[in-house]
**Q** 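This is the structure I have questions about; it appears just below.
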2 protein chains.
Amino acid sequence: MTKGRARGARRRPSQTDIARMAGVSQTTVSLILSGNKSGIALAESTRRRVLEAAEELGYAPDLVATRMAAARNDILGLYTFTATFPTDIGHSYYPSLVGVEEAAAAQGQDVLLFTGSVGRAVPSRPGHVLRRVRVADGCLFLGRHIPEEELEILLDEDYPFVHIGRRDELGGRIPYIGADYVVASAQLVQRLVALGHSEIRYVRERDDAPASTDREAGVLRGATAAGLSTSDLVVRADGAEITAARVRGWIDGGVSAVITEETDTGAVFTALTRALDELGVRCPEELSLAILGAPPASGWRGREIGGFTVPRREMGSAAVRLLVDLVNDTGTEPHQQLLACRPVEGDTIAELRG
Amino acid sequence: MTKGRARGARRRPSQTDIARMAGVSQTTVSLILSGNKSGIALAESTRRRVLEAAEELGYAPDLVATRMAAARNDILGLYTFTATFPTDIGHSYYPSLVGVEEAAAAQGQDVLLFTGSVGRAVPSRPGHVLRRVRVADGCLFLGRHIPEEELEILLDEDYPFVHIGRRDELGGRIPYIGADYVVASAQLVQRLVALGHSEIRYVRERDDAPASTDREAGVLRGATAAGLSTSDLVVRADGAEITAARVRGWIDGGVSAVITEETDTGAVFTALTRALDELGVRCPEELSLAILGAPPASGWRGREIGGFTVPRREMGSAAVRLLVDLVNDTGTEPHQQLLACRPVEGDTIAELRG
DNA sequence: CTGAAAGCGCTTACAG
DNA sequence: CTGAAAGCGCTTACAG
């Protein structure tokens with residue numbers, strides 16, 4: 001039976017109440033109140049009586065019931081596979097969220113943040129993602145790594161979702177809105193070369209993820225296009241491996257520019273700038289520094305690091321639009337898109353002298 | 001009849017599917033999956049079979065149906081009555097949201113952002129708030145102004161909600177977590193007086209809201225306690241009314257300190273600092289400047305404005321905890337709380353010299 | 001220990 | 001032109 005409201009509240013007026021008051025059936029009330037989309041003929045007098053009764057009773061439709069009967073709830077989920085809670089205002093989560101909210105508002109969708117997921121890189125209990133996510137009509141995913149098996153089930157079920165950021169797992173079947181790291185990274189290398197740099201190091205995380213893979217591919221492509229040797233170009237390292245001594249070695253060996261990458265932890269960037277601080281290296285006078293993506297919010301020496309910015313906000317918005325298309329099955333746009341990054345001049349990159 | 005899924009998607013598994021697979025009734029499935037709170041005896045073998053079937057099918061409860069059938073869905077809504085979309089990273093919305101997310105995660109709640117509300121100070125269609133909000137177990141509200149009639153209905157219906165920020169509307173029945181502006185503002189005035197300032201102007205928005213009312217009350221209290229005349233103290237103005245000429249007049253008239261307030265638009269602060277820039281007034285040498293709350297993210301002259309900060313993050317967290325208490329009807333805490341603000345020394349306030 | 005049934009408030013074929 | 005009825009997927013007395 002009915003469960004009874006948790007507390008002693010006045011019952012809200014329902015369509016049934018209106019029907020009783022107007023002397024019609026609840027069906028008719030529903031028809032009239034929902035705007036009669038089926039285009040069925042309704043007597044104007046009935047319409048008026050129903051509307052008046054609704055007004056009189058202060059009727060407001062029960063969204064839950066409406067959504068239940070209509071099998072849609074106009075809610076889009078946002079599930080993040082981030083290692084840390086995105087509390088840092090400079091966290092990449094925030095601009096994405098802004099983009100998501102903007103587009104969602106424009107499309108009349110609410111956004112459900114699965115905050116329960118935060119704090120573990122990948123959900124602990126299997127099935128956790130599935131279990132929560134499907135309460136929404138569709139879901140956006142965000143993170144450096146994904147739980148493949150879970151997403152595969154969603155994919156097989158035709159549950160609509162879009163990943164914010166390129167993904168090549170699951171046979172390339174994951175819909176995404178990504179950033180074109182390859183092109184942006186290649187351009188950055190070419191810019192450095194144009195400034196006279198030929199001894200360059202690209203320091204990236206050991207950890208693999210599409211974003212890192214793409215950046216490396218772009219760096220290699222740019223170097224090759226510029227006729228640079230790529231043998232010592234790429235350095236895979238975690239934070240602890242970037243010591244001052246090592247950086248000293250590069251510089252003494254003729255390296256004039258170092259590129260690093262943005263990651264969710266910012267570990268590589270932090271280790272590198274710490275080493276530069278320790279060595280007292282002037283930048284860009286003694287060494288040009290660039291980053292593929294955004295530096296941690298804490299910044300470095302108050303400088304604007306040269307490189308490029310990832311259009312996270314636009315990615316969020318585009319992801320929402322694509323997701324709504326998928327939910328409605330109306331889309332004509334490709335399910336996998338890369339958006340261009342915007343170059344950042346910065347003041348840590350200079351022409352090589354001497 | 002059934003409406004059929006919008007797309008040719010495989011239907012989500014329901015309790016009925018599990019029941020069929022496990023060879024039990026849907027009732028039993030419900031009992032087991034909902035954790036058997038009624039404490040009914042269930043055969044362990046049945047339990048296992050049902051859970052396995054649920055796992056196998058990738059079952060996820062239908063939020064809407066669950067909600068409808070009475071239980072709760074562990075979703076808290078967040079509805080903002082902001083004039084502008086909180087895209088500005090310095091917008092007060094963000095720290096509140098962070099606090100909300102943190103506490104929600106800690107309490108195992110997801111957060112539903114009612115983004116549809118954004119863009120109008122107060123909902124256009126009556127019933128708009130009601131219409132959306134009730135999908136969640138409870139809701140947080142946030143904004144300078146509120147739609148009273150709508151909230152009154154929710155109140156009368158015992159729908160659990162908490163406002164982030166003090167509210168005195170509706171006969172003081174609105175649960176809230178606010179900031180103690182009165183005390184913080186009074187302290188700030190007394191700090192200025194202690195530094196030798198006696199001619200002070202407090203420039204506030206024309207527009208009334210609890211935050212503004214409380215700040216003004218605090219300013220007046222502080223001034224009175226310090227034995228200052230309050231006759232010319234408070235200046236109500238909108239941005240356009242704060243001209244350079246007017247500010248010049250104050251300074252020429254002996255005013256040595258100006259206090260302003262944070263609002264969602266930042267209009268007063270912006271107008272004031274623009275006037276100071278136009279006049280080339282040095283600060284704090286020629287004039288001390290303070291703000292009640294946080295300045296716009298854009299800042300001013302790279303200075304830290306003296307005053308106090310509003311504990312928005314803590315307010316968000318506390319609001320979630322209170323709301324969960326209300327939803328569970330378990331709370332013992334007061335339904336209206338004020339949190340203390342933290343003073344900010346800043347570098348725009350100086351001792352008055354001769 | 002388990003199941004049949006009512007009911008939450010709607011939408012939507014379908015039958016008058 | 002209007003109504004009776006099924007159904008959305010659950011929860012919860014109630015009856016075996």
Side-chain angles (χ1 to χ4, degrees), chain A residues 1-6 9 11-20 22-50 54 57 59-74 131 134-135 137, chain B residues 1-6 9 11-20 22-50 54 57 59-75 130-131 134-135 137 157 159:
Chain A
M1 319 296 158
T2 175
K3 71 306 149 40
R5 292 183 54 78
R11 196 174 62 78
R12 310 170 46 188
S14 71
Q15 290 188 348
T16 307
D17 298 321
I18 299 177
R20 196 161 28 229
V24 298
S25 77
Q26 179 262 321
T27 303
T28 304
V29 173
S30 170
L31 226 42
I32 290 171
L33 292 183
S34 59
N36 186 18
K37 285 159 194 169
S38 1
I40 292 178
L42 263 341
E44 178 55 27
S45 62
T46 311
R47 222 182 79 83
R48 265 227 330 284
R49 250 182 315 138
V50 166
L57 291 171
Y59 173 79
D62 183 317
L63 237 211
V64 177
T66 306
R67 287 178 169 183
M68 167 127 194
R72 281 204 40 169
N73 54 26
D74 291 332
R131 208 151 267 137
R134 279 190 302 211
V135 303
D137 287 337
Chain B
M1 316 304 157
T2 177
K3 66 323 143 13
R5 289 183 59 78
R11 198 174 58 76
R12 294 176 50 183
S14 70
Q15 290 189 349
T16 307
D17 298 320
I18 298 177
R20 195 161 28 232
V24 298
S25 78
Q26 180 262 320
T27 302
T28 303
V29 173
S30 170
L31 227 43
I32 290 171
L33 293 183
S34 58
N36 185 20
K37 284 157 193 169
S38 1
I40 292 178
L42 263 341
E44 178 55 28
S45 61
T46 311
R47 220 181 80 83
R48 264 226 332 283
R49 249 183 313 140
V50 166
L57 292 169
Y59 172 78
D62 183 306
L63 150 73
V64 178
T66 306
R67 176 72 188 154
M68 172 140 192
R72 32 184 305 177
N73 52 26
D74 291 334
I75 290 176
L130 294 179
R131 212 156 264 136
R134 295 197 62 122
V135 284
D137 287 337
E157 283 177 348
Y159 178 81

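Just so it is clear, the model here is predicted, and its values are computed rather than measured. Sequence lines set the chain letters: A, B, ... in the order given, protein chains first and strands last, and positions in each chain run from 1.
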**Q** Answer yes or no: does a side-chain N or O of B:Gln15 lie under 4.0 Å from OP1 or OP2 of D:dT11?
**A** yes

**Q** In terms of the nearest nucleotide of DNA chain D, which residue is placed more toward the 5' end: A:Gln26 or A:Ser45?
**A**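 Nearest nucleotide further toward 5': that of A:Ser45.
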
**Q** Roughly how many Å is it from CG in A:Asp74 to P in C:dT11, rounded to a whole number?
**A** 13 Å

**Q** Between the base of D:dA4 and the side chain of A:Thr27, is there a donor and acceptor pair under 3.5 angstrom?
**A**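 Indeed, a donor on one side and an acceptor on the other fall under 3.5 Å apart.
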
**Q** Hey, which of these two, A:Arg47 or B:Asp62, hits DNA chain D nearer its 5' end, going by closest nucleotide?
**A** A:Arg47

**Q** May I have the distance from B:Ile18 (atom CD1) to D:dT11 (atom P), rounded to whole angstrom?
**A**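 One finds 11 Å between P of D:dT11 and CD1 of B:Ile18, rounded.
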
**Q** Do the side-chain N or O atoms of A:Thr28 get closer than 4.0 angstrom to the phosphate oxygens (OP1, OP2) of D:dT2?
**A** no

**Q** Counting runs of three or more consecutive pairs, Watson-Crick or G-U wobble, with each distance below 3.5 Å, where are the stems of DNA chain D?
**A**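 Stems for DNA chain D, defined as runs of 3 or more consecutive pairs: C:1-3 with D:14-16, C:5-12 with D:5-12, C:14-16 with D:1-3.
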
**Q** Go through the side-chain N and O atoms of A:Thr27 and A:Ser30 and say whether any donor and acceptor fall under 3.5 Å apart.
**A** no

**Q** Starting from C1' on C:dG7, measure out to CZ on B:Arg67 and report it in whole angstrom.
**A** 16 Å

**Q** Using a 4.5 Å cut-off on heavy atoms from C-beta on, say whether the side chain of A:Arg20 contacts that of A:Asp17.
**A**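 Yes. Closest side-chain heavy atoms under 4.5 Å.
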
**Q** Would you say A:Thr66 reaches C:dC10's phosphate, i.e. side-chain N/O to OP1/OP2 under 4.0 Å?
**A**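 Checking C:dC10 against A:Thr66, no side-chain N or O comes under 4.0 Å of OP1 or OP2.
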
**Q** Check whether any side-chain N or O of B:Ser25 sits under 4.0 Å from OP1 or OP2 of C:dA4, and answer yes or no.
**A**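 No, because none of the side-chain N or O atoms of B:Ser25 sits under 4.0 Å from OP1 or OP2 of C:dA4.
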
**Q** Within the structure provided, determine whether B:Tyr59 and B:Val29 are in side-chain contact (heavy-atom separation under 4.5 Å).
**A**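 Heavy-atom side-chain distance check fails, nothing below 4.5 Å.
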
**Q** Say whether, by atom type as modelled, one donor and one acceptor occur between the side chain of B:Thr66 and the main chain of B:Asp62 under 3.5 angstrom.
**A**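 Yes; at least one donor-acceptor contact below 3.5 Å.
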
**Q** Report the distance from atom CG of A:Leu31 to atom C1' of C:dC10, rounded to the nearest whole Å.
**A**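 Whole-Å distance recorded here is 12 Å.
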
**Q** Give the rounded distance in Å between these two atoms: CE of A:Met68 and P of D:dG9.
**A**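 Computing the A:Met68:CE to D:dG9:P distance gives 6 Å.
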
**Q** Rounded off to whole Å, could you give me the CG-to-C1' distance for the B:Leu33 and D:dC10 pair?
**A** 11 Å

**Q** Between CD1 of B:Ile18 and OG1 of B:Thr28, what distance do you get to the nearest 0.5 Å?
**A** 12.0 Å

**Q** Starting at CG of B:Asp17 and ending at P of D:dC10, how long is that distance when rounded to a whole Å?
**A**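 Atom-to-atom, B:Asp17 to D:dC10, this comes out as 9 Å.
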
**Q** What is the distance, rounded to the nearest whole Å, between atom CD of A:Glu44 and atom P of D:dC1?
**A** 11 Å

**Q** Within a 6.0 Å radius of atom CZ on B:Arg49, are there more than 12 heavy atoms belonging to other residues, nucleotides or ligands?
**A** yes

**Q** Considering only C:dT12, D:dT11, C:dT2, which nucleotide approaches the side chain of B:Thr46 most closely?
**A**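 Comparing C:dT12, D:dT11, C:dT2 against the side chain of B:Thr46, the answer is C:dT2.
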
**Q** What's the spacing between A:Ser25 OG and A:Gln15 CD if we round to 0.5 Å?
**A** 10.0 Å

**Q** At 4.0 Å (heavy atoms only), tell me whether B:Val64 reaches a base, stays on the sugar-phosphate, or touches nothing.
**A**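 Result for B:Val64 = nothing.
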
